[in-house]
Amino acid sequence: MDPTTRAGASTSALHARLTAWYAAHRRDLPWRGDGTDAWGVLVSEVMLQQTPVSRVDPVWRAWMERWPTPSDLAAASPADVLVAWDRLGYPRRALRLRECATAIRDTCGGIVPDDETALLALPGIGPYTAAAVRAFAYGRRAVVLDTNVRRVLARALGGEALPAPSLTRAEQDRAAAHLPLDDAGSALWNVALMELGALVCTARSPRCDVCPLRELCAWRAAGHPPDVHAHRRRTQAWHGTDRQARGALMAVLRERRDVAPETLADAWPPPEQRRRALASLVADGLVVAVTDDDGAALSYALP
DNA sequence: TAGACGTGGTT
DNA sequence: TAACCAAGTCT
């Protein structure tokens with residue numbers, strides 16, 4: 001039996017169980033509705049980058065109501081976009097999404113492209129989001145490898161508790177080898193795999209007892225061995241970091257849009273760290289400084 | 001390629 | 001409580 005046949009047979013058994021489970025347990029997320037076009041899917045994917053579904057849901061609904069097309073968002077001010085982004089986090093994503101909308105309007109005729117090269121050329125769109133738009137918005141065959149899919153495949157096929165810290169070539173090859181060959185089948189495979197990772201095959205407490213793949217799972221067959229990458233994972237510091245300072249300053253600016261330097265001093269007292277955070281926010285285009293003739297800051301505002 | 005980049009719920 | 005984790009991208 002050649003490798004292609006083996007992979008095909010394995011995929012077939014997994015696919016049948018996975019799709020049956022998905023049909024019964026899929027969530028009715030707003031961006032999965034029939035009324036959602038490619039722009040809506042793209043917006044949802046950018047918002048969902050490193051951000052839980054529950055936080056994205058209300059923001060996405062309001063966003064699509066306000067800016068239903070790329071041209072609508074492109075015409076909005078950065079300040080309005082940042083305020084609407086609210087507390088989704090990583091506010092640079094909001095700015096990039098607006099730049100993405102501008103690029104779609106100016107270079108793609110206002111239509112979200114369906115080919116990988118054009119998608120990857122857009123601001124804020126990387127390998128995952130490009131594949132997700134092709135698969136979920138256009139029903140095309142694409143290797144969708146987000147954190148959920150990586151984890152499910154690492155367990156079911158690789159027998160490991162968790163995937164490596166960063167995406168490997170071997171993982172991409174394995175995912176490609178198991179992807180159904182047809183457009184519709186591959187699109188369903190992708191969304192079902194992702195949903196299983198989100199609802200059952202979770203990072204912390206996987207619900208193996210109700211998993212549709214349990215009889216086929218290599219990790220379960222191996223006795224659930226621990227994560228071999230554990231020693232390489234380092235936790236991200238937060239308290240007292242410049243990152244936390246940036247977040248505190250942006251929270252004030254979202255609320256007031258334009259504030260005196262003293263107001264920001266109240267929001268983040270340590271002067272040197274505040275200066276550093278503000279400088280980086282200005283460099284990122286998230287904040288603008290209004291200065292007098294001597295260059296002293298009179299106020300800070302959203303762009 | 002490793003590190004930077006928000007925010008808040010869960011364990 | 002501190003740490004972990006969430007549909008990644010960019011530099």
Side-chain angles (χ1 to χ4, degrees), chain A residues 26-27 29-32 36 40-60 82 85-97 99-100 119-137 142-153 161-169 175 187 190-199 201-206 227 229-230 232-254 267-268 276-277 279-281 283-287:
Chain A
R26 71 186 293 270
R27 292 169 293 179
L29 302 175
W31 44 86
R32 284 181 180 162
T36 304
V41 171
L42 188 155
V43 171
S44 77
E45 292 301 339
V46 172
M47 289 183 172
L48 287 163
Q49 291 168 4
Q50 300 284 283
T51 308
V53 165
S54 60
R55 300 235 307 280
V56 168
D57 191 327
V59 178
W60 182 87
L82 287 167
W85 192 258
D86 198 35
R87 296 180 173 182
L88 287 184
Y90 295 129
R92 292 187 298 188
R93 286 184 296 163
L95 255 28
R96 291 204 191 103
L97 182 55
E99 293 163 9
C100 177
L119 283 164
L120 288 175
L122 298 171
I125 308 298
Y128 162 73
T129 305
V133 168
R134 282 168 42 74
F136 305 148
V143 179
V144 176
L145 268 181
D146 76 321
T147 189
N148 289 304
V149 176
R150 292 186 64 211
R151 186 175 55 248
V152 174
L153 295 183
L162 291 171
S166 54
L167 184 61
T168 66
R169 183 72 248 174
N190 282 325
V191 72
L193 220 41
M194 195 176 301
E195 193 77 334
L196 187 71
L199 300 180
C201 194
T202 56
R204 216 82 83 82
S205 306
D227 177 22
H229 308 289
R232 294 177 51 192
R233 300 178 189 281
R234 56 177 59 99
T235 144
Q236 52 182 3
W238 176 248
H239 286 285
T241 60
D242 287 8
R243 211 165 160 182
Q244 186 186 22
R246 285 167 53 107
L249 298 173
M250 286 300 293
V252 172
L253 284 161
R254 277 197 303 272
W268 196 266
R276 202 164 57 233
S280 74
L281 288 171
D284 287 346
L286 289 163
V287 171

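A, B, ... follow the sequence lines: proteins, then strands. Residue 1 opens every chain.
- Across all strands shown, Ala132(A) has no heavy atoms under 4.0 Å from either base or sugar-phosphate atoms.
- Between the C1' atom of dG8(B) and the NE2 atom of His239(A) lies a distance of 11 Å, rounded to the nearest Å.
- Note: CG (Leu199(A)) to C1' (dC5(C)) measures 15 Å, nearest angstrom.
- Partners of Leu286(A) under the side-chain contact (heavy atoms from CB on, under 4.5 Å) rule, at least two apart in sequence or in another chain, are Leu82(A), Pro91(A), Arg92(A), Leu95(A), Arg246(A), Met250(A), Leu281(A), Asp284(A).
- Taking atom NE2 on His229(A) and atom P on dA2(B), their separation rounds to 13 Å, with Å as the unit.
- The salt bridge (Lys or Arg N to Asp or Glu O under 4.0 Å) analysis of residues 46-60 of chain A, with sequence neighbours excluded, yields the pairs Asp57(A)-Arg61(A).
- Contact annotation for Arg204(A): base contact, defined as any heavy-atom pair under 4.0 Å involving a base atom.
- Scanning all heavy atoms of the two residues, the minimum distance from Trp60(A) to Pro30(A) falls at CZ3-CB, 3.6 Å.
- Separating the CH2 atom of Trp238(A) from the P atom of dA3(C) is a distance of 15 Å, rounded to the nearest angstrom.
- Only the P atoms considered, dT9(C) is 23 Å distant from dG8(B), to the nearest whole Å.
- Using a 4.0 Å heavy-atom criterion, one finds that Leu29(A) contacts the bases of the nucleic acid, with or without backbone contacts as well.
- Taking atom CG of residue Leu88(A) and atom C1' of nucleotide dA6(C), one finds them 12 Å apart after rounding to whole Å.
- Nucleic acid contact class of Arg276(A) (heavy atoms, under 4.0 Å, all strands): none.
- If Leu281(A) and Ser54(A) are placed on DNA chain B by their nearest nucleotide, the residue sitting closer to the 5' end is Leu281(A).
- dT7(B) sits 23 Å from dT11(C) when the C1' atoms are compared, rounded to a whole Å.
- Side-chain atoms of Arg243(A) come within donor-acceptor range of the base of dG6(B), with a qualifying N/O pair under 3.5 Å.
- Rounded to whole Å, the distance from CG on Asp284(A) to C1' on dA4(B) is 10 Å.
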Cut-off 3.5 Å, no hydrogens considered: what does the side-chain donor-acceptor table look like for residues 121-132 of chain A, sequence neighbours left out?
residue   : atom : partner  : partner atom : Å
Tyr128(A) : OH   : Glu45(A) : OE1          : 2.6
Thr129(A) : OG1  : Gln49(A) : NE2          : 3.0

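- If you take atom C1' in dG8(C) and the same atom in dT1(B), they sit 15 Å apart, rounded to whole Å.
- In this entry the distance linking CH2 of Trp85(A) with P of dG6(B) reads 11 Å, nearest Å.
- OP1 or OP2 of dG6(B) has at least one side-chain nitrogen or oxygen of Arg246(A) nearer than 4.0 Å.
- Summarising the geometry of Phe136(A) relative to Ala187(A), their closest heavy-atom pair is CE2-O, 4.3 Å, with the distance given to 0.1 Å.
- Residues passing the salt bridge (charged side-chain N to carboxylate O under 4.0 Å, His left out) test with Arg150(A) are Glu171(A), sequence neighbours excluded.
- Within the 4.0 angstrom heavy-atom criterion, base atoms lie near Trp31(A).
- Residue order along DNA chain B, read from the 5' end via each residue's closest nucleotide, puts Arg87(A) first among Ser205(A) and Arg87(A).
- The side-chain contact (heavy atoms from CB on, under 4.5 Å) check on Arg87(A) picks up Arg254(A), with sequence neighbours excluded.
- To the nearest angstrom, C1' of dA7(C) lies 15 Å from CG of Leu153(A).
- Comparing dT1(C) with dG6(B), their P atoms sit 26 Å apart, to the nearest whole Å.
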Provide a list of protein-nucleic acid N or O atom pairs under 3.5 angstrom, restricted to nucleotides 8-11 of chain C.
residue : atom : partner   : partner atom : Å
dG8(C)  : OP1  : Thr147(A) : N            : 3.4
dG8(C)  : OP2  : Gln50(A)  : N            : 3.0
dG8(C)  : OP2  : Gln50(A)  : NE2          : 3.2
dG8(C)  : N7   : Gln50(A)  : NE2          : 3.4
dT9(C)  : OP1  : Gly126(A) : N            : 2.8
dT9(C)  : OP1  : Gly126(A) : O            : 3.4
dT9(C)  : OP1  : Thr129(A) : N            : 3.0
dT9(C)  : OP1  : Thr129(A) : OG1          : 2.7
dT9(C)  : OP2  : Tyr128(A) : N            : 3.2
dC10(C) : OP1  : Gly124(A) : N            : 2.7

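- Contact annotation: Arg151(A) reaches the phosphate of dA6(C) (side-chain N/O to OP1 or OP2, under 4.0 Å).
- No engagement by Arg150(A) is indicated, since no non-hydrogen atom pair under 4.0 Å with the nucleic acid exists.
- The two atoms that bring Ala135(A) and Val144(A) nearest to each other are CB-CG2, 3.9 Å, heavy atoms only.
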